[in-house]
Amino acid sequence: QVQLAESGGGLVQAGGSLTLACEASGRPYSSTVIAWFRHVPGKEREYVAAIRWSNGYTYYADSVKGRFIISKDGAKRTVYLQMDSLKPEDTGLYYCARAGGLYTSSYRYTGWGQGTQVTVSS
């Protein structure tokens with residue numbers, strides 16, 4: 001089973017940028033979708049963005065569209081989440097996970113890592 005590991009979080013001021021990385025322990029199947037979610041205590045994990053491993057098609061939640069970019073480097077087995085124009089409401093523990101298709105529900109995903117904390121100060 002392919003496991004994922006997140007990195008790149010940190011503290012940034014509103015309007016700033018961060019790039020997160022999600023490294024896979026092995027090569028994902030071509031049908032795999034890798035997604036980023038974020039979690040704030042007391043709330044459900046929120047879908048942020050996803051990418052199809054086979055063709056690189058990308059999908060975004062409305063809340064991040066135009067500000068975040070998801071991409072992949074197949075040789076490094078890594079998916080990136082470039083986050084620009086960050087807002088305090090983007091604060092959360094960011095996870096990546098994989099699924100056999102595109103879903104926005106976190107329950108359809110597996111291979112969760114430990115997450116990486118993103119804190120945006122106002």
Side-chain angles (χ1 to χ4, degrees):
Q1 295 289 334
V2 174
Q3 294 296 312
L4 304 172
E6 306 90 345
S7 62
L11 173 64
V12 64
Q13 288 189 329
S17 300
L18 278 176
T19 298
L20 307 183
C22 168
E23 184 175 359
S25 61
R27 181 174 176 80
Y29 292 118
S30 60
S31 59
T32 296
V33 170
I34 293 181
W36 284 96
F37 288 81
R38 60 190 180 194
H39 182 237
V40 175
K43 295 186 177 181
E44 294 277 332
R45 286 185 183 179
E46 178 190 7
Y47 164 80
V48 175
I51 187 167
R52 289 191 183 275
W53 191 259
S54 60
N55 55 21
Y57 283 5
T58 59
Y59 310 88
Y60 298 93
D62 288 342
S63 59
V64 306
K65 202 172 292 183
R67 300 188 298 121
F68 291 11
I69 298 174
I70 188 170
S71 62
K72 71 177 181 74
D73 183 329
K76 295 182 178 179
R77 304 190 309 272
T78 299
V79 170
Y80 300 97
L81 184 68
Q82 179 183 331
M83 306 184 295
D84 298 320
S85 302
L86 282 162
K87 304 175 181 180
E89 52 263 44
D90 294 318
T91 293
L93 188 59
Y94 281 68
Y95 297 90
C96 59
R98 56 179 175 80
L102 177 65
Y103 310 103
T104 57
S105 170
S106 63
Y107 298 103
R108 303 299 297 266
Y109 287 81
T110 60
W112 300 87
Q114 296 298 308
T116 186
Q117 178 68 36
V118 172
T119 303
V120 184
S121 62
S122 58

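All of these numbers come straight from a predicted model, not from anything done at the bench.
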Inset, instruction - Please check if atom CD in Q117 has more than 12 non-hydrogen atoms from other residues, nucleotides or ligands closer than 6.0 Å. - result: yes

Distance from [X] atom [atom1] to [Y] atom [atom2], nearest 0.5 Å?
X    : Y    : atom1 : atom2 : value
F37  : S105 : CZ    : OG    : 7.0 Å
H39  : S106 : NE2   : OG    : 9.0 Å
Y107 : E44  : OH    : CD    : 4.0 Å
W36  : F68  : CH2   : CZ    : 11.0 Å
R38  : D90  : CZ    : CG    : 4.5 Å
S122 : Q13  : OG    : CD    : 9.5 Å

Inset, instruction - Identify the heavy atoms of N55 and Y57 that sit nearest to each other, and give their distance. - result: OD1-N, 3.0 Å

Does [X] reach the side chain of [Y], with side-chain heavy atoms less than 4.5 Å apart?
X   : Y    : value
R52 : L102 : yes
W53 : V79  : yes
I34 : K72  : no
E46 : S63  : yes

Inset, instruction - Using the test salt bridge (charged side-chain N to carboxylate O under 4.0 Å, His left out), find all partners of K43 that sit at least two apart in sequence or belong to another chain. - result: none

Expected output: side-chain [X] to main-chain [Y] donor-acceptor under 3.5 Å:
X    : Y   : answer
T119 : T91 : no
Q82  : I69 : no
R67  : S85 : yes

Inset, instruction - May I ask you to establish whether R45 and W112 are in a cation-pi arrangement, using a distance under 6.0 Å from NZ or CZ to the six-membered ring centre and at most 45° from the ring axis? - result: yes

Between [X] and [Y], is there shared hydrophobic-cluster membership here, with clusters defined by ILVMFWY side-chain heavy atoms closer than 4.5 Å?
X   : Y   : result
L81 : Y47 : no
Y95 : V33 : yes
Y80 : L4  : no

Enumerate donor-acceptor pairs with a distance under 3.5 Å from any side-chain N or O in residues 22-29 to protein atoms, sequence neighbours excluded.
| from | atom 1 | to | atom 2 | distance (Å) |
| --- | --- | --- | --- | --- |
| S25 | OG | Q3 | N | 2.9 |
| S25 | OG | Q3 | O | 3.4 |

Inset, instruction - Quick one: do L20 and E6 satisfy side-chain contact (heavy atoms from CB on, under 4.5 Å)? Show the steps, please. - result: CA-CA 7 Å; L20 307 183; E6 306 90 345; over 6 Å; no

Legend entry - Ring geometry between Y109 and Y103 (parallel below 30°, tilted from 30 to 60°, perpendicular above 60°): perpendicular

Inset, instruction - Identify the residue among V12, T116, D84 that makes a side chain to side chain contact (heavy atoms under 4.5 Å, CB included) with L18. - result: V12

Legend entry - Which residues share a ring-ring contact (aromatic ring centres under 6.0 Å, His included) with Y94, sequence neighbours left out: none

